[in-house]
Asker: 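Quick one: the structure is below, questions incoming.
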There are 4 protein chains.
Amino acid sequence: MKVRAPLHYALALGLTAFVGLSQADGGKVVNFNITEAEVAAAQAGWGEALLQISSDNRTGGIEKATATAKAVLDAAYGYNLGPVLFNPTLTSGEQNFRTTHEGALAYFVGGNKDFPSDSGFALNDWRKYEYKNAAVLINGDMALTMGNVMLTDKDGNVTTVDKTWGFKKDDKGALRIVLHHSSLPFTPAK
Amino acid sequence: MKVRAPLHYALALGLTAFVGLSQADGGKVVNFNITEAEVAAAQAGWGEALLQISSDNRTGGIEKATATAKAVLDAAYGYNLGPVLFNPTLTSGEQNFRTTHEGALAYFVGGNKDFPSDSGFALNDWRKYEYKNAAVLINGDMALTMGNVMLTDKDGNVTTVDKTWGFKKDDKGALRIVLHHSSLPFTPAK
Amino acid sequence: MKVRAPLHYALALGLTAFVGLSQADGGKVVNFNITEAEVAAAQAGWGEALLQISSDNRTGGIEKATATAKAVLDAAYGYNLGPVLFNPTLTSGEQNFRTTHEGALAYFVGGNKDFPSDSGFALNDWRKYEYKNAAVLINGDMALTMGNVMLTDKDGNVTTVDKTWGFKKDDKGALRIVLHHSSLPFTPAK
Amino acid sequence: MKVRAPLHYALALGLTAFVGLSQADGGKVVNFNITEAEVAAAQAGWGEALLQISSDNRTGGIEKATATAKAVLDAAYGYNLGPVLFNPTLTSGEQNFRTTHEGALAYFVGGNKDFPSDSGFALNDWRKYEYKNAAVLINGDMALTMGNVMLTDKDGNVTTVDKTWGFKKDDKGALRIVLHHSSLPFTPAK
């Protein structure tokens, strides 16, 4: 059950007579649904985690970056729930889809001989993260987002990708990425 | 899709930077989930409908009451989606459960020879309706409520029942009762 | 916050016989929904647990019965997710609804001075359990059932109750009772 | 509620003993969830619709193709439920995302001056459609799929795309595409 923060109470009380009533009569409300605020926090959190892996690689080397990447995958992705529908930006061929924890880790920090084409996307010394949603769909404990993510490296070069995420809220109230499709924008022939 | 009311916008804007961002960048949000406000409105609406049937019976007789009851079942119950898990307060035996529209209508207004024990619960000239939730559970497009309903007749007699409702939000954003278990409170032997 | 037990991994691994089923095109399938088979197993399991508490009370006394009842509530009810919408058959007044684990335990095995009217429903030496559904509704990770439960005691006396259950599937794949409304059948005046 | 087709019955009966049980005791089951069979049918249906638009363009010209494309969008996409999270394969820039019915129609059959870069993806005389799932996730009335789609034109040229779909089941039991992210595979620099 999600613990209700004071902000939540304030909003809820502002929302309806019902909540006031239910407080008055001791009624309790359990809500398993994802909120827009939780989706925004999860999207911001993904970028913070990516920048952290880059930062840890600068300051602590690949071991530290790998440890952080593992922790991020354990906490923010749904590999504990089953295969994740993950299509990273720069993968291809037989290893295009990374439905396993191992395949996702290899993509972010490389260093896995079973994934020889992976150089470590999160090691590109990213310094800035921004996202812009085209649309968001919320359905029960699942939320889908589609839009652009803009990543800036240490030289100020900006990489823009088309990004689709699917988040599922677990029993602890944490949002986990169960779907992630990232692709370079299509460039029409001149 | 739920049309966003101004109130919703105000709350949403107050809620998160994300919503502000999504307004700013033209992002759109579709949310299929039930809100506490919608549950409260549906619970209040059930009582208003019951009082309306009683009122229509007084002013227009059984024909008017029956027409209103039909309209209420069509609009507020989920018989259009399938069998409804309905266990009315005063039914028993083979006809205890009213999973069909016909059985529910017979319970509320009687007059169906196939349901000889039904005298028409909504015809008891109810004048006042109150409800008190013990707890509410919201899960996606479904909400469950449990508590007491207090009904007052024209002589001021109050009938209290234990009431459990299950509401499901349909594609048009309307909440429909898909589960309704009502029972007289247990009275311990003296 | 629920900590994931090792049991989780065992169950998760057990779950993927289903994944194997869909290996046809090499695709993997994760399905978070409740199945009819899981609902049937949960309904049968509730009865087995009740008979077990009765049996443990006979063979091991109230301590053993209480330990079993606690284990049943921990494993089969959703008190770990929030308040449970529980209206037991024989409760009344201010303590009619048992939204807390403590209140539910008191109902099943008594012995709690804060719930003086509870004599322990599960201690009635029940010997046989049967259920008959009027209808079942499945919606995502939640299932609702309504019907009758027939309990037989050691003297062959049968008690029939009207029973509504709401089950929610947790991250481990276990169904938990989040709603339980039980009532004695209405008896029309002769 | 979706009327159960014979195929559905067969599947349901094949699925669980409980269905037999629920028939036996007269219980009725309503299930709002998406099944794997429905997901497979929706994925096959998308390809058949694309080939039909191509075929109608050959035999009836752009008017016939456009009428078919409109019918497909009305029946198989969720624009009636709200904005659709649609990122087509060959769009870019300000018009990359097609969250409106008009934008989606322009992509498939072109001819809309407000979308000058659209030449009509469905008009490429496609002759064969195949798909291969990497993984499928089913969550309530929503299903997510990720994998490859292979399209063959009249000259036998095969175009392979990375494809993610999100399907939502509506009140009539029809699956509607609420998310669609399609992208050309990444090609590593030699």
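Proteins get letters first, then strands, A, B, ... in listed order; numbering begins at 1 in each.
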Asker: Quick one: list whatever passes side chain to side chain contact (heavy atoms under 4.5 Å, CB included) with A:Ala49, sequence neighbours left out.
Answerer: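 So A:Ala49 forms a side chain to side chain contact (heavy atoms under 4.5 Å, CB included) with A:Val72.
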Asker: Provide the full list of ring-ring contact (aromatic ring centres under 6.0 Å, His included) pairs with a residue in residues 133-156 of chain A, sequence neighbours left out, each pair given once.
Answerer: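 The answer is none; no pair qualifies.
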Asker: Could you tell me which portion of D:Leu90 (side chain, backbone, both or neither) has an atom closer than 4.5 angstrom to a non-hydrogen atom of chain A?
Answerer: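 Contact with chain A is through both the backbone and side chain of D:Leu90.
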Asker: Find out whether D:Val84 and A:Leu137 are in side-chain contact, i.e. whether some heavy atom of one side chain is under 4.5 Å from a heavy atom of the other.
Answerer: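 No, too far: nothing below the 4.5 Å cut-off.
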Asker: Pick one of side chain, backbone, both or neither for A:Pro188, based on which atoms fall under 4.5 Å of a heavy atom in chain D.
Answerer: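 Just the side chain, heavy atoms under 4.5 Å.
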Asker: Can you tell me which of A:Pro88, A:Pro185, A:Gly147 forms the most heavy-atom pairs within a distance under 4.5 Å of chain D?
Answerer: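 Most pairs with chain D among the choices: A:Gly147.
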Asker: Using a plain distance cut of 3.5 Å, could you tabulate donor-acceptor pairs between chain D and chain A?
Answerer:
from, atom 1, to, atom 2, distance (Å)
D:Asn87, ND2, A:Asp162, OD2, 3.2
D:Asn96, ND2, A:Asp162, OD1, 3.1
D:Asn96, ND2, A:Asp162, OD2, 3.2
D:Asn139, OD1, A:Lys168, NZ, 2.9
D:Asn139, ND2, A:Asp141, OD1, 2.9
D:Asp141, OD1, A:Asn139, ND2, 2.9
D:Asp162, OD1, A:Asn96, ND2, 3.1
D:Asp162, OD2, A:Asn87, ND2, 3.2
D:Asp162, OD2, A:Asn96, ND2, 3.2
D:Thr164, OG1, A:His181, ND1, 2.7
D:Lys168, NZ, A:Asn139, OD1, 3.0
D:His181, ND1, A:Thr164, OG1, 2.7
D:His181, NE2, A:Ser183, OG, 2.9
D:Ser183, OG, A:His181, NE2, 2.9

Asker: Measure across A:Met146 and D:Leu85 and return the closest heavy-atom pair with its distance rounded to 0.1 Å.
Answerer: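 Heavy atoms of A:Met146 and D:Leu85 come nearest at CE-O, 3.1 Å.
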